[in-house]
S.K.: 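This is the structure, below, for whatever I ask next.
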Amino acid sequence: ETKSRDRGGCIAFEAEMDARYLDRQRLKSDLREALNSGALSVSYQPMYTPDGSRVECCEALARWTHPERGPVPPSVFIQLAEEMGLVTDITRFVLRQACRDCSTWPQGVAVSVNLSVLDLRDRQIVEIVGKALDEAGLDPARLHLEVTESCLMDEPAKGQSLLDELRERGMTIAIDDFGTGYSSLSSLDALPVSIIKIDRSFVRNIRGDARRFKLLRSAVNLARALGLKAVVEGVETVDELQLINNHRCADLIQGFVFSAPMPASAIRDLCKPRVRKRTTKASRSHIA
Ligand code: C2E
Ligand code: MG
Ligand code: MG
Ligand code: MG
């Protein structure tokens with residue numbers, strides 16, 4: 001009796017696995033279709049100076065709205081694309097769109113694009129990036145490229161020489177999700193990197209736990225000691241922002257406290273140089 005019940009559980013489990021597998025297969029073919037039919041888009045999240053007065057860069061974030069399921073998170077579809085060998089096509093799409101959009105923003109605002117670990121396995125990424133810049137007529141200095149620590153651990157020599165080449169062409173390299181991977185501090189020093197984006201897990205609970213905050217501060221100080229800029233990601237509340245600013249513990253801030261990701265046109269309006277009304281300034285002063 002017990003046996004048959006176990007067996008039943010097992011069959012149910014297998015059935016569920018099958019369903020999930022089919023679901024992923026289905027999603028994969030839908031993703032291929034989405035890439036060809038223009039169902040992918042790009043949103044942008046601003047990185048602000050800590051006082052919130054100026055946007056220095058906006059991160060391009062891929063978006064997919066599935067016709068039946070609605071929005072599929074990039075954490076899901078980027079992984080599917082990697083499994084399908086399709087991720088560089090998504091990178092190309094995001095790069096082209098990002099360069100085009102950035103060329104409509106004020107000169108002082110850069111755009112940052114995420115690269116997949118698989119993009120750094122092949123030299124063609126250098127041409128893809130170059131083409132996107134040329135098409136948009138964008139100064140390479142306005143393009144940042146984000147790579148994760150694990151990107152660089154997989155195939156350090158190849159990845160590093162590609163990044164060296166991109167940097168020689170004038171782009172800025174950022175390490176994304178810093179502190180969640182396994183990069184050694186010595187390899188960090190050898191990489192052609194100018195920006196460290198400290199993972200948002202370092203911000204969680206900094207108000208309630210002094211040790212958490214010390215960890216965040218050490219990561220920021222490490223970046224600065226190496227002459228790098230520290231972007232603190234995932235700042236959600238005014239309390240967190242105040243604590244960070246009281247200790248001057250960020251060079252740039254990217255988080256919901258200032259802004260969620262938004263369409264390119266909204267970024268254009270946001271960054272438009274304008275004379276601030278006194279009321280705007282006053283209402284902002286609480287976050288400074
Ligand atoms: P990421 O590169 O670390 O991007 C930051 C993520 O944190 C974004 O999620 C953003 O919406 C989210 N975020 C920003 N501020 C806050 C905050 O205050 N609180 C919280 N809870 N979240 C915040 P998103 O857009 O869902 O992207 C997730 C990940 O998917 C990205 O993490 C990146 O690894 C990947 N991704 C997104 N677009 C692309 C792309 O075009 N190419 C590649 N290769 N990966 C991408
Ligand atoms: Mg990123
Ligand atoms: Mg990140
Ligand atoms: Mg990430």
Side-chain angles (χ1 to χ4, degrees), residues 31 34-35 40-48 52 55 57-65 70-99 101-102 110-122 125 128-129 132 143-152 154 159 172-181 183 193 195-206 216 219 223 230-241 244 250 252-264 267 287:
L31 179 57
L35 189 57
L40 294 184
S41 64
V42 183
S43 283
Y44 298 91
Q45 188 180 29
M47 296 173 215
Y48 281 88
V55 174
C57 182
C58 296
E59 178 172 10
L61 295 160
R63 294 289 178 258
W64 177 22
T65 305
V72 182
S75 52
V76 172
F77 71 79
I78 293 292
Q79 198 199 328
L80 291 178
E82 286 175 341
E83 288 170 17
M84 295 164 74
L86 201 68
V87 79
T88 298
D89 296 299
I90 293 185
T91 304
R92 182 190 289 108
F93 166 78
V94 174
L95 274 166
R96 291 182 71 189
Q97 190 68 47
C99 290
D101 288 332
C102 184
V111 74
S112 197
V113 173
N114 292 283
L115 297 185
S116 154
V117 55
L118 299 182
D119 293 325
L120 287 180
R121 297 249 172 95
D122 199 311
I125 190 64
I128 291 172
V129 169
L143 179 59
H144 297 189
L145 298 169
E146 300 187 9
V147 298
T148 59
E149 294 170 272
S150 51
C151 267
L152 299 160
D154 279 15
T172 296
I173 312 296
I175 299 274
D176 200 0
D177 303 341
F178 179 77
T180 60
S183 64
V193 165
I195 296 175
I196 284 183
K197 300 188 75 178
I198 295 160
D199 191 71
R200 68 168 188 263
S201 59
F202 283 83
V203 175
R204 287 297 74 79
N205 205 23
I206 53 171
L216 173 63
V231 180
V232 177
E233 287 192 285
V235 180
E236 292 183 353
T237 68
V238 172
D239 276 0
E240 289 165 351
L241 183 65
I244 288 167
L252 288 174
I253 287 176
Q254 180 180 351
F256 295 164
V257 71
F258 284 136
S259 171
M262 56 177 83
I267 296 286
I287 51 181

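When a ligand or atom number is given, it counts from 1 through the structure's own listing order. What's counted below: heavy atoms across the whole structure, side chains too, no hydrogens, waters or symmetry copies. Treat the numbers as computed from the prediction; the structure is a model and nothing was measured.
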S.K.: Can you tell which of Pro71, Pro74, Ser43 gets a heavy atom nearest to atom 35 (C) of ligand 1?
M.R.: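 Comparing heavy atoms across Pro71, Pro74, Ser43, the nearest one to atom 35 (C) of ligand 1 lies in Pro74.
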S.K.: Test your reading of the structure: does Asn114 have an N or O sitting under 3.5 Å from an N or O of ligand 1?
M.R.: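 Asn114 vs ligand 1: N/O contact under 3.5 Å present.
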S.K.: Looking only at distances, please establish whether an N/O atom of ligand 1 is found under 3.5 Å from an N/O atom of Phe256.
M.R.: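 By distance alone, the answer is yes.
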S.K.: Side chain, backbone, both or neither: which applies to Asp177 and ligand 1 if a contact is any heavy-atom pair less than 4.0 Å apart?
M.R.: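 Answer for Asp177: side chain.
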S.K.: Is a donor on one side and an acceptor on the other found under 3.5 Å between the side chain of Asp101 and the backbone of Ala98?
M.R.: no
S.K.: Provide the atom name of the closest N, O or S atom of Asp176 relative to the Mg ion (ligand 2).
M.R.: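 The closest N, O or S atom of Asp176 to the Mg ion (ligand 2) is OD2.
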S.K.: Less than 3.5 Å apart, any donor N or O on the side chain of Glu59 or Gln45 sitting next to an acceptor on the other?
M.R.: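 Checked: Glu59/Gln45 side chains show no N/O donor-acceptor pair below 3.5 Å.
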S.K.: Are the side chains of Thr237 and Phe256 in touch, meaning some heavy atoms are under 4.5 Å apart?
M.R.: no
S.K.: From the Mg ion (ligand 3) out to just under 2.8 Å, does an N/O/S atom of Glu146 turn up?
M.R.: no
S.K.: Using only heavy-atom distances, determine whether the side chains of Asp177 and Thr148 contain a donor-acceptor pair under 3.5 Å.
M.R.: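 No donor-acceptor contact under 3.5 Å links the two side chains.
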S.K.: Do any of the N/O/S atoms of Asp199, backbone or side chain, fall under 2.8 Å from the Mg ion (ligand 3)?
M.R.: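 No, Asp199 does not qualify, because none of its backbone or side-chain N, O or S atoms lies under 2.8 Å.
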S.K.: Please compare Glu236, Glu59, Gln97, Met47 and report which has the shortest non-hydrogen distance to atom 20 (C) of ligand 1.
M.R.: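 When every heavy atom of Glu236, Glu59, Gln97, Met47 is considered, Glu236 comes closest to atom 20 (C) of ligand 1.
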S.K.: How about Ile267 and Pro46: do any of their side-chain heavy atoms sit closer than 4.5 Å?
M.R.: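 Yes; the side chains approach each other to less than 4.5 Å.
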S.K.: Under 3.5 Å between some N or O of ligand 1 and some N or O of Arg204?
M.R.: no
S.K.: Restricting to N/O/S, name the atom of Glu233 that gets closest to the Mg ion (ligand 3).
M.R.: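 Going through the N, O and S atoms of Glu233 one by one, OE1 ends up nearest to the Mg ion (ligand 3).
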S.K.: Show the atoms of ligand 1 that are less than 4.0 angstrom away from any heavy atom in Val94.
M.R.: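 Those of ligand 1 that fall under 4.0 Å from Val94 are 41 (O).
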S.K.: Heavy-atom distances under 4.0 Å are what count here, so tell me which part of Ala260 touches ligand 1: side chain, backbone, both or neither.
M.R.: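 The answer is neither; Ala260 stays 4.0 Å or more away.
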S.K.: Out of Val87, Ile78, Leu61, who is nearest to atom 8 (C) of ligand 1 when you count heavy atoms only?
M.R.: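 Shortest heavy-atom distance from atom 8 (C) of ligand 1: Leu61.
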S.K.: Any N or O on Ala62 sitting closer than 3.5 Å to an N or O of ligand 1?
M.R.: yes
S.K.: For ligand 1, which atoms, with element, lie under 4.0 Å from some heavy atom of Gly255?
M.R.: 15 (N), 18 (O)
S.K.: Quick one, Val42 and Leu61 - any side-chain contact, counting heavy atoms below 4.5 Å?
M.R.: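 No, side chains not in contact.
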S.K.: Is Asp177 close enough to the Mg ion (ligand 2) that one of its N, O or S atoms comes in under 2.8 Å?
M.R.: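 Under 2.8 Å: Asp177 has no N, O or S contact with the Mg ion (ligand 2).
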S.K.: Does Arg204 come within less than 4.0 Å of Glu240, counting only side-chain N to carboxylate O?
M.R.: yes
S.K.: Would you say Asn114 has an N, O or S atom lying under 2.8 Å from the Mg ion (ligand 2)?
M.R.: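 A backbone or side-chain N, O or S atom of Asn114 is under 2.8 Å from the Mg ion (ligand 2).
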S.K.: Are any of the side-chain heavy atoms of Lys197 and Gln254 separated by less than 4.5 Å?
M.R.: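 Counting from C-beta outward, Lys197 and Gln254 do come under 4.5 Å.
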S.K.: Considering the options Ile196, Thr180, Asp199, which one meets the side chain to side chain contact (heavy atoms under 4.5 Å, CB included) requirement together with Glu149?
M.R.: Thr180
S.K.: Between Lys197 and ligand 1, which part of the residue brings a heavy atom under 4.0 Å of the ligand: side chain, backbone, both or neither?
M.R.: neither
S.K.: With a 4.5 Å limit on heavy-atom distance, are the side chains of Met47 and Ser112 in contact?
M.R.: yes
S.K.: Please work out whether the ring planes of Phe258 and Tyr48 are parallel, tilted or perpendicular, with thresholds of 30° and 60°.
M.R.: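 If you compare the ring of Phe258 with that of Tyr48, the planes turn out tilted.
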S.K.: What atoms in ligand 1 come closer than 4.0 Å to a heavy atom of Val235?
M.R.: 18 (O)
